[in-house]
Amino acid sequence: MLFFADLIHTFAGVDRNLNFIDHSSKLGWKEDKRAKPLIIDPGLYSTKKSDVYWVTPRRTMPTAFKLFTGSAWMVLSRSFIEYCIWGWDNLPRTLLMYYTNFLSTPEGYFHTVICNAPEYSNTVVNHDLHYISWDKPPKQHPRTLNISDTKRMIASGAAFARKFRHNDLALDKIDIELLGRGNGNFTPGGWCAGEPKCSRVGNPSRIKPGPGANRLGALVSRLVWSSKLTQRQCR
């Protein structure tokens, strides 16, 4: 819901070690439906897509680490991603093997790794920078957004939003009013030059933030301040 320049401008002033990842140790219904079942996923060895196999017995909850869950959408630091790849203390690999027997792995893997790694658990900001309107409890599915949600989306300051129907009017409104993008054209930016506007590429390194940078900046500042003040990470 904003220019790429707004993202660059906002994060240029943010600690690069921070990780924006919505998370909670309260698994709720996911404990019984996702953490305890054992599955075999043919997708790991077959070229054809098919449903997973449910097998017995069910497994108990782990005691070597604490499970966390949350949004599958996140903004992660380079430092943390390198830790997940190199895994110098073996935690990322251990959890990778554990989560091969877990449905919707993106909703738990990174959350569990970062909250069980002491050197990274205090870098977490509990938000995914998305505007999502959930269904009524147990909040399993995001509600499909429409044009009546646009004011709330914009007011949230979030960088992203989901989910939409294909070619929904809300997407047209975002393109035209927020991104200055109409008739299927590309989004203009600081690189635009020439007449008519953007008919040629000027300075590709020029960053020209728009109003979205102020909205996102206010949200990020509030989130970072709150995380430092309340120490809400990994609970």
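Note that the numbering runs from 1 along the sequence shown for the chain.
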Open item on the list: Working note: Leu216 + Leu7, criterion side-chain contact (heavy atoms from CB on, under 4.5 Å); need CA distance, chi angles, decisive distance, verdict.
Closed with: CA-CA 8 Å; Leu216 180 60; Leu7 284 169; 3.7 Å; yes
Open item on the list: Does atom CH2 (Trp86) have a neighbourhood of more than 12 heavy atoms from anything else shown, all under 6.0 Å?
Closed with: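 Incorrect, the count does not exceed 12.
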Open item on the list: Take a 6.0 Å sphere around CG of Asp15 and say whether it holds more than 12 heavy atoms from other residues, nucleotides or ligands.
Closed with: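 Enclosed: over 12 neighbouring heavy atoms sit under 6.0 Å from CG of Asp15.
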Side chain to side chain, [X] and [Y], heavy atoms closer than 4.5 Å:
| X | Y | answer |
| --- | --- | --- |
| Leu178 | Arg215 | yes |
| Thr94 | Tyr98 | no |
| Ile21 | Val125 | no |
| Tyr83 | Ile114 | no |
| Tyr109 | Phe102 | no |
| Ile81 | Ile85 | yes |

Nearest-0.5 Å distance, [atom1] of residue [X] to [atom2] of residue [Y]:
| X | Y | atom1 | atom2 | result |
| --- | --- | --- | --- | --- |
| Leu145 | Met153 | CG | CE | 5.5 Å |
| Glu31 | Lys36 | CD | NZ | 4.5 Å |
| Leu76 | Glu82 | CG | CD | 12.5 Å |
| Asn214 | Leu219 | CG | CG | 12.5 Å |
| Thr10 | Leu2 | OG1 | CG | 7.5 Å |
| Phe3 | Arg181 | CZ | CZ | 11.5 Å |

Non-hydrogen atoms of [X] and [Y] that approach each other most closely:
| X | Y | result |
| --- | --- | --- |
| Asn146 | Ala170 | C-CB, 3.7 Å |
| Met74 | Ser71 | CE-O, 3.5 Å |
| Cys84 | Pro92 | O-CB, 3.5 Å |
| Gln233 | His23 | C-NE2, 3.8 Å |
| Gly87 | Arg93 | O-NH1, 3.1 Å |
| Asn17 | Thr123 | O-CB, 3.3 Å |

TODO: Could you note down all residue pairs passing side-chain hydrogen bond (donor to acceptor under 3.5 Å, both in side chains) where residues 191-203 supplies at least one of them, sequence neighbours left out?
DONE: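 Those involving residues 191-203 do not exist here.
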Task: Contacts of Lys33 that satisfy side-chain contact (heavy atoms from CB on, under 4.5 Å) - sequence neighbours left out - done: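 Applying side-chain contact (heavy atoms from CB on, under 4.5 Å) to Lys33 gives Trp29.
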TODO: Would you check, one step at a time, whether the test side-chain contact (heavy atoms from CB on, under 4.5 Å) holds for Tyr131 with Ile154?
DONE: CA-CA 9 Å; Tyr131 177 86; Ile154 296 170; over 6 Å; no
Task: Pair Asp149 + Arg143: basic N to acidic O under 4.0 Å - done: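 Yes.
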Can you hop from [X] to [Y] via hydrophobic side chains spaced under 4.5 Å?
| X | Y | answer |
| --- | --- | --- |
| Val220 | Leu18 | yes |
| Tyr99 | Leu103 | no |
| Met97 | Val52 | no |

Which donor-acceptor pairs under 3.5 Å do side chains of residues 56-70 form with protein atoms, sequence neighbours excluded?
residue: Arg58; atom: NH2; partner: Asp32; partner atom: O; Å: 3.0
residue: Arg58; atom: NH2; partner: Asp32; partner atom: OD1; Å: 2.6
residue: Arg59; atom: NE; partner: Ala35; partner atom: O; Å: 2.8
residue: Arg59; atom: NH2; partner: Asn101; partner atom: O; Å: 2.5
residue: Thr69; atom: OG1; partner: Lys30; partner atom: NZ; Å: 2.9
residue: Thr69; atom: OG1; partner: Glu107; partner atom: O; Å: 2.9

- [ ] Any salt bridge (Lys or Arg N to Asp or Glu O under 4.0 Å) involving residues 124-134? Give me the pairs, sequence neighbours left out, ordered by first then second residue.
- [x]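 For residues 124-134, and leaving out neighbouring residues, there are no salt bridge (Lys or Arg N to Asp or Glu O under 4.0 Å) pairs at all.
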Task: Check against side-chain contact (heavy atoms from CB on, under 4.5 Å), Ser121 and Asn116 - done: CA-CA 7 Å; Ser121 61; Asn116 283 273; over 6 Å; no
Open item on the list: Quick one, Tyr120 with Ser79, criterion side chain to side chain donor-acceptor pair (under 3.5 Å). Give me CA distance, side-chain angles, the key distance, then yes/no.
Closed with: CA-CA 9 Å; Tyr120 288 102; Ser79 174; 2.9 Å; yes
- [ ] Flag the pair Phe11 / Phe20 as yes when their ring centroid distance falls below 6.0 Å, and as no otherwise.
- [x]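 Between Phe11 and Phe20, the centre distance is under 6.0 Å.
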- [ ] Would you please indicate if the ring centroids of Trp73 and Phe160 are separated by under 6.0 Å?
- [x]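 Ring centroids of Trp73 and Phe160 are no less than 6.0 Å from each other.
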Task: Positive for side-chain contact (heavy atoms from CB on, under 4.5 Å) with Leu223, one of Asn126, Val14, Leu129 - done: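 Per the side-chain contact (heavy atoms from CB on, under 4.5 Å) rule, the option paired with Leu223 is Leu129, out of Asn126, Val14, Leu129.
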Check: residues 37-49 side-chain donor-acceptor pairs under 3.5 Å, at least two apart:
residue: Asp41; atom: OD1; partner: Gly43; partner atom: N; Å: 2.9
residue: Ser46; atom: OG; partner: Lys48; partner atom: N; Å: 3.2
residue: Ser46; atom: OG; partner: Lys48; partner atom: O; Å: 3.4

Task: Under 4.5 Å side-chain linkage, directly or through intermediates, the cluster mates of Leu169 - done: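 Members other than Leu169 - counting any ILVMFWY side chain reachable under 4.5 Å - are Ile147.
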TODO: Take Phe164 and Thr144 through the test side-chain contact (heavy atoms from CB on, under 4.5 Å) and record every step on the way to the result.
DONE: CA-CA 5 Å; Phe164 299 93; Thr144 300; 5.7 Å; no
